[in-house]
Each structure stands twice: as structure tokens, then as C-alpha cells.
Protein chains: 2
Amino acid sequence: MQPVESKRIFQEHGVRYTDRRHAVYTGLSKTTSHPTAEELKYLVSDAGCEVSTATIYNTLDLFCRKGLVRRLLMPSGGDRYDADLKEHLHLRLEDTGEVLDVPLDLAETLLKELDHKVIAQIEARMGVGIERLGVHLVGHRATDD
Amino acid sequence: MQPVESKRIFQEHGVRYTDRRHAVYTGLSKTTSHPTAEELKYLVSDAGCEVSTATIYNTLDLFCRKGLVRRLLMPSGGDRYDADLKEHLHLRLEDTGEVLDVPLDLAETLLKELDHKVIAQIEARMGVGIERLGVHLVGHRATDD
DNA sequence: TTTGATGCAAAGACTTTGCATGCTT
DNA sequence: AAGCATGCAAAGTCTTTGCATCAAA
């Protein structure tokens, strides 16, 4: 990911460009480990850009609000973040706390089965607008059995 | 819900019976508001049983581990709890933070569409065992539009 | 120049823990 | 009687805030 790339993405989402934001965004984009805020702080700092704790949290929150990044809720705190916005599925391993990506083709197959007509019915019956829908899986390593 | 009822449920799940646990469990069972730990503390206390903060958290955590109750993760802290274990769907309203139940028939229709064969494929391809699967909806009141 | 980003340290929200006391079995 | 459950207050974890400084538009 080039600086020019994140610059464009920031502009498209109405986010001012700074070196910290660039470092946070590219750091998150390059990993598939779904880091916590603190993990990302060290990840970014190892890559040569010191970012304070406050800025990490502010930046990630901004990115979430602007739709550049998604927040993955975790039981017992320590939310994780993901810069991959393609509709994909996460699988959380209960024993380790890791979050893995489900292969895209399988994720798509599963999500395609959710009927939009049912969503529309839910909206009508409940008098709400549905903005997002998420599916999450919880499991464990098969070898632990 | 009678005392005898929760007594039986506790026994079935290997949970010792106490008056606080009874109060917490029946308090949670009687509401559809998916309260936070603290809300439930006051709810239970209004019903005539004082329970300390530590005990509320310990008890809810025990209930979750024993499978009597489910924890609903919320963005920015303050998890909520639900004693209704029937497979049902929750809709979180972003503006108010409320969590509503999706009508059961619609929830079932939606969940039935998720193909078990795909789940099995995910398990095989990723080398994991999948224990649970959750769908969550995020929306807003239609009248806010 | 004006607006907003950053860091620091302190405060804050939510949850857990250690230990003494009391209740269940 | 033995083994947990409970409460209290303190500590812990994760996150946000106030304010002074500095950078981007």
C-alpha cells in the first residue's frame, strides 16, 4: 500500500491525511491478525511510527465511523479491528481468542443464503431500517478434540 | 417463574441454588430488555433482593459458562444479557443502544437458510470445530429517516 | 490563518479479585 | 462441618478526555 493509496482512500471518506493515520491504516491493512488497539500500536511502532495510545483509539474510532475499518467485538473486552471491508466471515477460536478469516468463497456461499426478502419483512414488521447484518462463528481447533 | 422452577434449572446445569442466583435468574427471565449487568442489579434490587456488584458479575459469568444465559456483546462496553436461549435474533438500534428481539418466525426463517453443508465445509477446510453461529442485525428506527 | 491532529497524563467505565463472613448441602 | 456464595473495597483492564502543542488545508 503506497502513501498515495491511503491518501486517496482518506479523501474519499472525508478523513484528513496525516502520517500517523497513514501508518495505522496501512499497518492494519497489511495484517490478517485482526489486532487489538494496543497490538496495532506496537505493530505500527515496530514499523517505525510511534503513535500514542490516545491517538490509536481516536484514529480507529474515526476510521470505524467513516467506514474505513470495522470493529470486531470480543467477549471480555479488547475489541479487534479489521481493514478488510469485503463481506467476509470471522471465526473466533474460544481457546486462544484468535480471530480467523473464513475462506471467501465459503463465506459468500453462506451469506448468499440469507434471503433479502426476510430482511425486508423484519424491517416492515419491526418498523426499523436494517443497516448491517453480521454472521459470526465460534469454534475451536479440531486437533484439540 | 416459581422458585422451584429455577431450582430445577440450576440443578440441571450444576449450579448451586441461592436466593441471589434465583433473583438474578428470574429477574433476567422476566424482562425482554436485555439488561446490562448494572441494570439487572437494580432490576433485581427493585424486586426486593439486594445483590452486590461483584455477585452480579460473578453470577452472570457463571450462568453464561453453565449455559443458562447468553451474553450479548456491545460496542463500547456494557455487555447485555439474555435468559432466552431459544435460537433467536437480536437487532441492535445504533441510535439508542437498545437491543430488540426479532419475531421468532422471521428469525427462524432466516436461520434456516444457513446451510449446514457449508458449515461442514468450513470446518473441513479450516480444520476447526464450529460450536456456535450467531447472526446479528444493526439498524435504526424507521421513523428517524 | 484556521481548523483539526497529537501526546501526555489523568480520569472514566466496566469488570475482576482477595479476603473475611455467612449460607447450602 | 466442609465447601461454596457473598459483599466490600481495592485493583485491573480497556478506553476516553482535557489541554497544550503542532501540523494540514
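All chains are named by letter (A, B, ...) in the order of the sequence lines, taking the proteins before the strands, and each is independently numbered beginning at 1. Please read all numbers here as calculations on a predicted model, not as lab measurements.
Judged by distance alone, the side chain of B:Glu123 and the main-chain N or O of B:Ile130 form a donor-acceptor pair under 3.5 Å. Between the B:Arg70 side chain and the B:Asp84 main chain, a donor and an acceptor come within less than 3.5 Å of each other.
Listed in residue order, the members of residues 52-71 of chain B having a heavy atom less than 4.0 Å from DNA chain D are B:Ser52, B:Ala54, B:Thr55, B:Thr59. At a non-hydrogen distance threshold of 4.0 Å, nothing from residues 32-42 of chain A comes into contact with DNA chain C.
What separates CZ of A:Arg80 from P of D:dT15 is a distance of 11 Å, to the nearest Å.
Contact record, A:Glu39 with A:Thr36: OE1-N, 2.9 Å, taken as the closest heavy-atom pair.
Taking Ile, Leu, Val, Met, Phe, Trp and Tyr as members and joining any whose side-chain heavy atoms lie under 4.5 Å apart, directly or through other members, the hydrophobic cluster of A:Leu72 also contains A:Met74, A:Val99.
Residues meeting the side chain to side chain contact (heavy atoms under 4.5 Å, CB included) test with A:Glu12, sequence neighbours left out: A:Arg8. Every side chain to side chain contact (heavy atoms under 4.5 Å, CB included) that B:Pro103 has, sequence neighbours left out, goes to A:Arg125, A:Met126, B:Asp105, B:Leu106. Residues that satisfy the side chain to side chain contact (heavy atoms under 4.5 Å, CB included) test with B:Lys112, not counting sequence neighbours, are absent from this structure.
Across all strands, B:Glu50 comes closer than 4.0 Å only to sugar-phosphate atoms, never to a base (heavy-atom distances).
The number of heavy atoms from other shown groups lying within 6.0 Å of CD (B:Glu98) is above 12.
For the side chain to side chain donor-acceptor pair (under 3.5 Å) condition, the pairs that include at least one residue of residues 45-54 of chain A, sequence neighbours left out, are A:Ser52-A:Thr55. Listed by first and then second residue, the ring pair (Phe, Tyr, Trp, His ring centres under 6.0 Å) pairs that reach into residues 31-58 of chain A are A:His34-A:His90, sequence neighbours excluded. Sorted by first then second residue, the salt bridge (Lys or Arg N to Asp or Glu O under 4.0 Å) pairs that include residues 51-66 of chain A, not counting sequence neighbours, are A:Asp61-A:Arg65, A:Asp61-A:Arg71. For residues 59-83 of chain B, the pairs satisfying ring pair (Phe, Tyr, Trp, His ring centres under 6.0 Å) are B:Phe10-B:Phe63, B:Tyr25-B:Phe63, with sequence neighbours left out.
Nearer the 5' end of DNA chain C, as judged by each residue's closest nucleotide, is the contact made by B:Gly78, out of B:Gly78 and B:Arg20.
Remark on the helix from C:dT1-D:dA25 to C:dT25-D:dA1: inter-end axis angle 50°, axes from five-pair C1' superpositions, rounded to 10°.
Bounding nucleotides for the chain B contact on DNA chain C, 5' to 3', at a heavy-atom distance below 4.0 Å, are C:dC14 to C:dT25.
A side chain to side chain contact (heavy atoms under 4.5 Å, CB included) with B:Arg21 holds for exactly one of B:Thr18, B:Val24, B:Asp19; it is B:Thr18.
Checking the phosphate oxygens (OP1, OP2) of D:dG3, no side-chain nitrogen or oxygen of B:Arg16 falls inside 4.0 Å.
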